[in-house]
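First comes the structure, then the notes that go with it.
By convention here, the first residue in the shown sequence is residue 1. Hydrogens, waters and symmetry mates are skipped; everything else that's a heavy atom, side chains included, is used.
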Amino acid sequence: AEWPLRPGYGVYSIIGSTLLYPVITHWIWSPTGWASALNPNSLIAPVLDDAGGIAVHTCAGMCSIVACFFVGPRQHRLDRKGNFVKDLPKQNQSFIVFGM
């Protein structure tokens, strides 16, 4: 995907950290949350989140899927039928090994 613009990324980060993440973590971590293992009246099978990974990674994964939908595919990479127009440039193997 192409690089998003900084203002859009800022809005995305603010919405995710102030509106989405607190709500999702409340559902799982709060004793009154509808998915909490601490809530005896939970609507579904209770979620036991020992280290906090379920709430954090679920929120991040869903936000990433939505962001990819909005950003879309790389420009000038595919034609209208979805066929490759040009190959991506080759990557430097030493940079790949060192994680750069």
Side-chain angles (χ1 to χ4, degrees):
E2 297 295 323
W3 287 98
L5 299 175
R6 285 194 177 126
Y9 181 73
V11 170
Y12 170 78
S13 298
I14 290 170
I15 289 173
S17 62
T18 59
L19 298 177
L20 298 176
Y21 185 72
V23 172
I24 293 172
T25 54
H26 173 77
W27 291 342
I28 297 174
W29 292 343
S30 172
T32 60
W34 63 268
S36 175
L38 303 174
N39 184 0
N41 300 323
S42 62
L43 297 176
I44 59 172
V47 176
L48 183 60
D49 191 11
D50 290 329
I54 293 173
V56 172
H57 291 97
T58 301
C59 184
M62 293 299 180
C63 289
S64 298
I65 290 172
V66 171
C68 288
F69 175 75
F70 280 108
V71 171
R74 291 179 183 245
Q75 295 177 357
H76 311 295
R77 173 87 166 115
L78 304 173
D79 61 7
R80 292 188 183 266
K81 295 180 181 178
N83 299 324
F84 291 108
V85 175
K86 62 179 180 179
D87 290 330
L88 292 175
K90 301 296 181 199
Q91 302 296 320
N92 187 334
Q93 297 296 323
S94 58
F95 285 170
I96 294 171
V97 169
F98 292 116
M100 300 171 91

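When atom types are taken as modelled, the side chain of T25 and the backbone of P22 share a donor-acceptor pair closer than 3.5 angstrom. With hydrogens and angles disregarded, a donor-acceptor distance shorter than 3.5 Å links the side chain of S13 to the backbone of Y9.
Listed here is the closest heavy atom pair of W29 and D49: NE1-OD2, 2.9 Å. Shown here for A55 and I24, the closest heavy-atom pair between the two residues is O-CG2, 4.2 Å. Counting all heavy atoms, side chain and backbone alike, C63 lies closest to L20 at SG-CD1, 3.8 Å. Between L19 and V23, the shortest heavy-atom contact is O-CG2, 3.1 Å. Of all non-hydrogen atoms in S64 and Y12, the two that sit nearest each other are N-OH, 3.6 Å.
The structure places CD1 of I65 at 13.0 Å from CZ of F70, a figure rounded to the nearest 0.5 Å.
At least one side-chain heavy atom of Y21 sits less than 4.5 Å from a side-chain heavy atom of V56.
Under the side chain to side chain contact (heavy atoms under 4.5 Å, CB included) criterion, A37 pairs with P46, L48, not counting sequence neighbours.
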